[in-house]
Amino acid sequence: MSKIHVSTEINGDQVEFLCETDETLLDVLRDQLGLTGAKEGCGTGDCGACSVTVDGRLVCSCLVLGAEVEGSAVTTIEGMADGDALHPLQRHLLEGAALQCGICTPGVLVAAKALLDKNPDPSEEELRYWLAGNLCRCTGYDKIIRSVMTAAAEMRGEKS
Amino acid sequence: MNVKRKFKVLGTRPVRPDGVEKVTGKALFGADTYATGMLHARILRSPHAHARIVSIDTSAAEALAGVKAVITSADFGEVDSEMTRDTMHNCMANGVALYDGHAVAAVAAISKSVAAAALKLIKVEYETLPHVTDVDAAMQPDAPVLHANRQHRSVVAGTPGNVVYYCDFGHGDVDAGFAAADKVIERTFKTAATHQGYIEPHACLANVGSDGKADLWCSTQGHYNVRLICAEIMGMDESQLRVTASEIGGGFGGKTTVFIEPVALALSRKAGKPVKLVMSRDEVFRASGPTMSASMDIKIGMNADGKITAGHAKLRYQGGAFPYQMVMMGAMSAFATYDLEHVRAEGWDVMTNRPKMISYRAPGAPMAVYAVESVIGELAAEFDLDPIDVRILNASREGTKSSYGPTFKAIGLVESLEAAKAHPHYSAPLGANQGRGVSCGFWFNFGGQVSVSMAINADGTVNLIEGNPDIGGSRASISMMAAEELGIPYEKIKTIIGDTASVGFSDVTDGSRVTFAVGIATINAAKAAKAEMCKRAAKTWGIDVDAVEWIDGAVHPTGHNAGEFPPLSLAEIAANSGRTGGPIAGHHEGAPDKAGVSFGVHLVDTEVDPETGFTTVKRYTVFQDVGKAIHPSYVEGQMQGGAVQGIGWALNEEYIYGEDGRLQNAGFLDYRIPVASDLPMIDTVIIEVPNPGHPFGVRGCGETAIVPPLAAVGAAVCAAAGVRLFELPMSPPKIMAAIDAKK
Amino acid sequence: MVEVVIWGSLRRYTDDQSSVSVTGNTTKAVLDSLAKTYPGLAPIIEQGVSVAIDGEVFKDAWFTPISDNSEVVLMPLMVGG
């Protein structure tokens with residue numbers, strides 16, 4: 001079976017890869033491109049650990065084929081910090097102790113950023129429903145929700 | 001011990017040392033490593049609940065291009081220890097597939113797709129056998145027995161063969177206690193099996209050389225335990241198998257054994273190449289450790305003033321396809337929160353055609369305490385007594401002879417109950433269709449073996465190596481304790497988890513033991529390093545080592561008689577270490593005991609929709625005695641996370657088996673763990689009654705919080721819906737049935 | 001002599017006594033005397049037990065001192081999550 005050639009943009013860089021027809025974007029990112037920040041928690045789109053954005057849209061990369069991102073712009077957790085400066089979401093999750101094991105953290109961060117890009121001032125309820133697709137088994141979500149709300153306030157220029 | 005000691009570092013909330021890697025996606029978990037020439041492995045699993053494996057034909061799979069190794073149980077040798085043999089046979093079925101999902105063969109191939117194709121070419125002929133998945137059915141004399149002659153000697157002769165362990169704890173005369181009660185209530189409860197539900201599936205990378213040496217990278221709560229089991233299965237010396245614990249994406253007890261590591265090692269040995277093996281979520285549910293399901297009879301007598309006169313629990317736990325001993329912890333926990341004159345708890349561990357259970361956070365305790373607390377709540381309501389007052393009246397306190405034997409030292413249950421009663425949550429008004437529930441909970445907490453090695457660097461910084469995987473921020477708490485003891489800033493310390501070749505043996509990360517036990521080893525390692533630094537300073541000053549002392553991060557002369565010397569700080573002593581005798585280090589290997597038990601109290605408000613039976617958790621507050629909170633944020637995190645796992649257990653989560661004995665909901669869509677939109681904030685109140693067995697007063701804190709939610713949510717749902725339920729999870733159909741029955 | 005409390009399901013090996021008196025001034029010595037005096041307990045002790053001494057639980061710790069007036073409770077080995 002011949003592979004498919006794909007040209008795409010990942011975290012601002014032009015990238016080319018060959019993938020099998022049934023190979024997921026998640027597998028391409030992890031196994032071929034060394035971007036292991038997106039995790040496979042379920043492979044069925046239920047846990048959100050593999051969250052990335054494709055052309056600004058939040059997706060589970062385990063449900064997207066590698067071949068589908070031809071000509072698209074993909075962002076992953078690896079593209080979130082600006083050099084050595086953490087994104088406010090990253091900083092606040094860290095300072096707010098919003099991670100215990102940390103396996104869900106990349107997905108939570110990508111998903112939260114996707115929300116704030118569209119809605120910089122979500123209510124707690126809006127945030128909880130948005131992040132309902134990102135399972136966390138450690139924290140009970142409390143500190144995640146608080147940290148994202150604090151980061152959002154800071155990003156809006158409000159004093160904490 | 002000085003409980004009034006003022007701490008500089010303990011109790012602060014610094015950023016964890018592994019944090020930046022985890023928020024940037026750089027942290028390497030079990031599936032995140034790759035080796036040159038690596039193969040991908042897959043496991044073929046039984047579709048039957050119970051079946052004899054007549055034959056396995058692997059020839060077509062072996063012939064497929066790109067397949068480098070295929071293994072079955074024939075590729076594993078004999079092992080002496082019964083426990084390890086069971087573990088090996090759980091990793092790869094030996095002649096009989098004992099549950100839906102039991103591994104029967106495995107392949108390693110050059111790609112995931114070739115491995116998947118090869119699985120389909122393996123032909124297994126099964127002869128199906130009668131199966132049993134329910135605990136009460138499995139205890140019947142005519143139930144199919146999973147393994148003959150495996151009953152522990154504790155089991156009374158004549159008991160059906162699936163009962164593998166029996167225990168009986170308590171004191172006094174429960175019949176006399178019941179006879180003296182104003183009211184006795186006896187209830188039967190059932191709770192479903194739940195899965196630990198860690199988001200990271202089991203994953204490992206094995207590399208066995210032709211010289212018999214091997215490296216294994218895996219996601220585990222205890223890499224020394226992995227080494228122990230795998231070395232025995234592989235017939236290797238422990239020294240030749242180096243196991244490195246990856247970052248671990250959740251465990252909650254589920255990663256305290258092995259499920260795939262021996263398979264990856266065997267494939268790697270056969271193929272002569274590194275082999276990566278990662279479970280799918282379906283496999284995690286079908287073939288890695290859920291906890292026990294339970295069927296329980298609880299009988300409690302109470303007087304009209306709320307005093308409990310006697311309690312008797314009979315616990316029947318279902319633990320899957322191999323012998324195990326876990327009900328004892330349920331039996332010991334069931335009444336541990338109460339000071340009772342007459343108490344008895346009996347337990348039976350039972351095998352069924354389900355995956356073998358493994359620990360899940362406070363293993364065995366949540367279901368037993370759920371049943372007991374539910375009856376106590378019912379009795380309190382019967383006498384129209386305040387449920388917290390009843391619990392304070394009967395609460396275990398210092399000097400109570402516990403239901404499992406020992407007399408409690410200083411404990412914080414009454415303090416937790418009083419804090420709950422005084423909290424605004426307890427007096428807040430409730431809305432329509434809402435109800436409030438309260439429950440106590442208990443967990444033992446453990447000590448166990450630990451090794452810590454600490455190097456004082458010439459620039460005044462410290463590297464610390466410990467042997468316990470960090471599952472929830474323990475590198476931060478260990479660094480903080482080292483900083484406190486050495487009197488240097490937290491930021492100067494880096495703590496890492498060593499592999500099995502780099503630091504001494506350490507028991508599994510379980511039993512809420514790490515901050516307690518590794519903490520003690522860290523303090524002792526720091527003391528050893530300080531003693532060495534005292535020697536170096538004394539030598540530098542030309543005075544006797546007895547004439548110096550360590551105060552607040554520096555060596556001082558003990559007084560004028562010792563001579564007038566300005567103190568030498570850790571950094572100053574470290575800077576000259578090369579000239580005063582070489583590198584300075586401290587280490588400690590030990591097995592600290594005296595881990596203090598811990599108690600918690602949970603308050604919850606729920607709202608039940610009378611039209612649908614759907615439950616919403618409106619408000620939740622956790623009160624827990626943690627002894628001393630080293631890093632309060634992570635202590636709160638343990639309390640919140642445990643509470644939410646318990647909420648899931650109470651409301652949603654269950655293993656559902658069909659008549660065919662197959663698991664019907666092996667995925668996160670149908671096995672629904674709580675999601676962000678299901679929950680309110682989880683408020684926390686940390687109670688600190690110092691553990692007299694720890695220099696800083698630390699108690700374990702990780703497990704207790706999963707114990708109270710089941711009964712607390714249960715009571716809140718019953719109050720909200722105006723019904724009584726005796727079965728978990730309280731899913732909407734069950735609640736609707738109870739509401740309809742009442743009409 | 002040290003008084004050792006035996007949990008219920010083991011009492012069939014101690015002639016139905018809920019506590020028994022044995023000699024020994026360490027955990028190991030007490031466990032050895034228990035196993036010798038009540039051979040039915042030997043396999044249980046061999047498998048591994050904890051011993052609570054004055055309310056503190058010790059796991060497989062042979063050399064922990066025990067005095068004649070200590071409260072000593074035999075307990076199973078436990079695991080956690």
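FYI, side chains are in, hydrogens and waters are out, and symmetry mates aren't considered; it's all heavy atoms of this structure. Not measured: the values here are computed from a predicted model.
Contact annotation for B/V20: both backbone and side-chain heavy atoms come within less than 4.5 Å of a heavy atom of chain A. If you measure heavy-atom distances from A/T139 to chain B, the contacts under 4.5 Å come from the backbone alone. Both the backbone and the side chain of B/I673 come within less than 4.5 Å of a heavy atom in chain A. Within the 4.5 angstrom heavy-atom criterion, only side-chain atoms of B/F252, from C-beta onward, approach chain A. Contacts between B/V644 and chain A at a heavy-atom distance below 4.5 Å involve the side chain alone, from C-beta outward. Of the atoms belonging to A/L86, it is side-chain heavy atoms, and not backbone ones, that fall under 4.5 Å from chain B. With a 4.5 angstrom heavy-atom cutoff, B/A31 touches chain A via backbone and side-chain atoms both. Interface remark: A/D31 contributes backbone and side-chain atoms alike to the contact with chain B (heavy atom separation under 4.5 Å). For A/E40, the part lying near chain B is the backbone, with the side chain staying farther off; criterion is any non-hydrogen pair under 4.5 Å. In this structure, no portion of B/P14 lies under 4.5 Å from any heavy atom of chain A. Residue contact with chain A, scored on non-hydrogen atoms closer than 4.5 Å, involves the backbone of B/Y198 exclusively. Heavy-atom distances place both the backbone and the side chain of A/L99 under 4.5 Å from chain B.
Side-chain contact, B/R361 with B/Q196: no donor N or O sits under 3.5 Å from an acceptor N or O.
Salt bridge B/K618/B/D678: absent, no basic N to carboxylate O contact under 4.0 Å. A/R30 and B/D32 are joined by a salt bridge, as a carboxylate oxygen and a charged side-chain nitrogen come within less than 4.0 angstrom of each other.
With chain A as the partner, the residue from B/E636, B/E247, B/R13 showing the most heavy-atom pairs under 4.5 Å is B/E636. The candidate with the highest count of non-hydrogen atom pairs below 4.5 Å against chain A, out of B/K112, B/K26, B/R672, B/M639, is B/K112. Chain A forms the most heavy-atom pairs under 4.5 Å with one residue out of B/G197, B/G667, B/G19, and that residue is B/G197.
Residues from residues 4-12 of chain A never place a non-hydrogen atom less than 4.5 Å from a non-hydrogen atom of chain B. Below 4.5 Å, heavy atoms of chain B meet no heavy atom from residues 50-64 of chain A.
A donor-acceptor pair is defined here as one N or O able to donate and one able to accept, closer than 3.5 Å; such a pair exists between the side chain of B/E200 and the backbone of B/G249. Looking at B/S512, its side chain does come within 3.5 Å of a backbone N or O of B/E703 through a donor-acceptor pair. When atom types are taken as modelled, the side chain of B/K276 and the backbone of B/T33 share a donor-acceptor pair closer than 3.5 angstrom.
Considering only heavy atoms from C-beta on, A/R146 comes within 4.5 Å of B/M681 through its side chain.
Using the six-membered ring where Trp is involved, B/Y671 and B/H195 have ring planes that are perpendicular, over 60° apart on the 30 and 60° scheme.
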